[in-house]
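Have a look at the structure below, then the notes.
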Amino acid sequence: MKLNKLDQIRAAEAKLLIPTYDRNPILFVGGEGVHIVDENGTKYLDLLSGIGVNALGYNHPVVVETIARQSRALIHTSNLYFHEGQAELALRLTAQTGLDRAFFSNTGTEAWECAMKLARAYAGLKRSEGVNLGTKFLALEQSFHGRTFGAVSTTYKEKYREPFAPVVPGVEFVRFNDVADLRAKFSTEVCAILVEAIQGEGGIRPLTQEFFAEARALADSTGALLIVDEIQAGMGRTGKWCAYQHYGIQPDVTTLAKPLAGGLPLGATLCTEEVARAFHPGMHGSTFAGGPLATAVAIAVIDHIEKENLLAHATEVGDYFQSKLRELASRHSAIPSPIIAVRGKGLMLAAELDSADLAKLTVAEMLKRRILINCTSDTVLRFLPPYILERAHVDAAIAALDEIFTEHAGVVSAAHSAATTQGGQTHG
Ligand SMILES: Cc1ncc(COP(=O)(O)O)c(C=O)c1O
């Protein structure tokens, strides 16, 4: 029997790739706007945008034309020489973040490594200046900061860390939004408190104002750093350039990646002038990072977001999406509701369901209806659509969810009673 193209690729990958991914059996070959297209020409409404990357959707002229123009001019130089992109992009990112200096990397996890190295080096500098500051990191339960050794050491879930033990020492986890636990674990031993303003992989969970403010105050009390990971929430996804701006709290260091270069790999670590004193030439670097191509695209994407007012658009469509999810939750409350919570800001949204089985089934059923979402933290349906999403796309997604919850009311009820008999949360 002759295998089709997808099956041939699946068979080849199964034999040739180190097995790290459990892929859905779809072969994507193109895309346009908010839709991604498979090998048969079938269009899927993409509410995940490559896990929060494709901010302007697919085949956007700004991205495509900048890639074409810049790749004809210069793709790579290394960081031994100057090119036009880094200072110009840094100018935009420092203005957006309220920070002073940037280091460019290729991915989120690398941006985070740089932030961690900055914190340790800065604490060392402060010690040399007579300040009592240790080397410990306080990270949060349910956090996700990436897969390299430093990042994974500060990532909460044991399944990510345990196979690689011993990971980087000196990390302690604080209970999420638990001010008393934060106070109890904080001391002059701590060089940095590490947070996501809205946890992404952890289930789209925002910090409370009280917790975030306490983290800032504690860090200020010793000279430790407050480092905010904006890799998933940043670059306008929540309707502001940085999610911490919803709180009016300014970090010492922040990290950006995912949507930064509209689909090309690019990360950035931003810090204050004061913190940047900790690095000098040779202490950190990367061959590829911040190259002419990725930086040119990032500049073009940012300019387009500004020109088209896409932050306001993300807020408006995000609010609409969130209100429709809440309506959906109450519409199904007689079943009882499969949705136990709706969370998020702008176009970083979640509907938490009352069972992992139901969440898995819902993602699969959405896929059958040609809509891409995913599930994080077992029970949380996650929506990270492109910023160009329109209300009509939201309506299509809500109609599909409505249909799924109606058709699978049996699963919902069974899941619900299982959850409630095990002491699980219920709606409202
Ligand atoms: C908050 C956060 N930090 C760091 C990372 C790691 O980014 P990358 O996968 O680009 O290394 C992610 C990825 O999901 C993330 O959501």
Separation between CG of Leu358 and CG of Leu381, rounded to the nearest 0.5 Å: 7.5 Å
Pairwise side-chain contact, Glu308 with His313, heavy-atom cut-off 4.5 Å (strictly under): no
Pairs involving residues 263-272, ordered by first then second residue, that meet salt bridge (charged side-chain N to carboxylate O under 4.0 Å, His left out) (sequence neighbours left out): none
Closest contact, heavy atoms only, Pro206 versus Arg343: CD-CD, 4.2 Å
Main-chain N/O of Ala139 paired to His145 side chain as donor or acceptor, under 3.5 Å: no
Exceeds 12 heavy-atom contacts within 6.0 angstrom, atom CZ of Arg161: yes
Heavy-atom check, side chain of Tyr387 versus side chain of Met235, under 4.5 Å: yes
OG1-CD distance between Thr208 and Glu214, expressed to the nearest 0.5 angstrom: 10.0 Å
Lys258 (side chain) donor-acceptor with Gly108 (main chain) under 3.5 angstrom: no
Distance (rounded to the nearest 0.5 Å) between Arg23 CZ and Leu17 CG: 6.5 Å
Arg216 side chain vs Phe212 backbone, donor-acceptor pair below 3.5 Å: no
Full working for salt bridge (Lys or Arg N to Asp or Glu O under 4.0 Å) between Arg205 and Glu196: CA-CA 9 Å; Arg205 291 176 206 278; Glu196 296 155 81; over 6 Å; no
Residue pair Gln96 / Ile302, side-chain heavy-atom distance below 4.5 Å: yes
Donor-acceptor contact present, side-chain Arg382 to main-chain Leu48, <3.5 Å: no
Side-chain ion pair, Glu274 and Lys126, N-O less than 4.0 Å: yes
NZ (Lys345) with more than 12 external heavy atoms under 6.0 Å: no
Under 3.5 Å donor-acceptor, Thr254 side chain and Val228 backbone: yes
Main-chain N/O of Tyr244 paired to Glu230 side chain as donor or acceptor, under 3.5 Å: yes
Flag if over 12 foreign heavy atoms under 6.0 Å of CG, Leu367: yes
Any pair counted as ring pair (Phe, Tyr, Trp, His ring centres under 6.0 Å), so long as it reaches residues 161-182, sequence neighbours left out: Tyr156-Phe173
SB check Lys368 Glu407 (cutoff 4.0 Å): no
Reported CZ-to-OG1 distance for the pair Arg120 and Thr135, which is rounded to 0.5 angstrom: 5.0 Å
Considering all heavy atoms, the nearest Pro386-Asp46 contact: CD-O, 3.2 Å
N/O donor-acceptor pair under 3.5 Å between Ser377 side chain and Gly202 backbone: yes
Worked check of side-chain contact (heavy atoms from CB on, under 4.5 Å) between Leu311 and Thr315: CA-CA 6 Å; Leu311 299 195; Thr315 303; 5.5 Å; no
Proximity of His76 and Phe288 rings by center, below 6.0 Å: yes
Pairing of Arg10 and Glu13 as salt bridge, 4.0 angstrom limit: no
Partners passing ring-ring contact (aromatic ring centres under 6.0 Å, His included) against Phe103 (at least two apart in sequence or in another chain): His284
Side chain to side chain contact (heavy atoms under 4.5 Å, CB included) partner of Val174, the single match among Leu194, Val179, Leu138, Val195: Leu138
Check: Thr379 side chain, Asp354 main-chain N or O, donor-acceptor pair, under 3.5 Å: no
salt_bridge(Asp181, Lys185) N-O dist < 4.0 Å: yes
side-chain contact (heavy atoms from CB on, under 4.5 Å) evaluation trace for Leu266 with Leu89: CA-CA 11 Å; Leu266 182 65; Leu89 179 56; 3.8 Å; yes
Aromatic plane relationship, Phe383 with Phe321 - under 30° parallel, 30 to 60° tilted, over 60° perpendicular: tilted
Evaluation steps, side-chain contact (heavy atoms from CB on, under 4.5 Å), between Leu401 and Leu325: CA-CA 9 Å; Leu401 287 168; Leu325 285 170; 4.1 Å; yes
4.5 Å side-chain heavy-atom contact, Leu384 and Val53: no
Heavy-atom neighbours of Lys43 NZ exceed 12 at 6.0 Å: no
Contact check, side chains of Val190 and Thr222, non-hydrogen atoms, under 4.5 Å: no
Thr272 side chain to Asp100 side chain, donor-acceptor N/O pair below 3.5 angstrom: no
Min side-chain heavy-atom separation Phe279-Cys271 under 4.5 Å: no
Any side-chain heavy-atom pair of Val29 and Asp38 under 4.5 Å: no
Test side-chain contact (heavy atoms from CB on, under 4.5 Å) applied to Glu316 and Arg391, step by step: CA-CA 9 Å; Glu316 194 270 320; Arg391 284 179 176 224; 2.6 Å; yes
Separation between CD1 of Ile404 and CD of Glu365, rounded to the nearest 0.5 Å: 5.5 Å
Pro385 and Arg237, any side-chain heavy atoms less than 4.5 Å apart: yes
Electrostatic pair Glu273-Arg277, nearest N-O below 4.0 angstrom: no
Closest non-hydrogen atom pair, Leu349 against Ile204: O-CG1, 3.9 Å
Atom of Gly134, atom of Arg127 and distance for their closest heavy-atom approach: O-NH1, 3.4 Å
No-hydrogen, no-angle side-chain donor-acceptor test under 3.5 Å, Asp252 and Tyr122: no
Gln209 to Tyr247 - nearest heavy-atom pair and separation: NE2-O, 3.0 Å
Flag for Thr148-Thr109: side-chain donor and acceptor within less than 3.5 Å: yes
Test: Glu403 and Arg369 ion pair at under 4.0 Å: yes
Asn177 side chain to Glu210 backbone, donor-acceptor under 3.5 Å: no
Side-chain donor or acceptor of Glu113 paired with backbone N/O of Ala151 under 3.5 Å: yes
Pairwise distance OG(Ser153) to CZ(Phe137) - rounded to 0.5 angstrom: 9.0 Å
Minimum heavy-atom distance Leu226-Ala215, with the two atoms named: CD1-CB, 4.0 Å
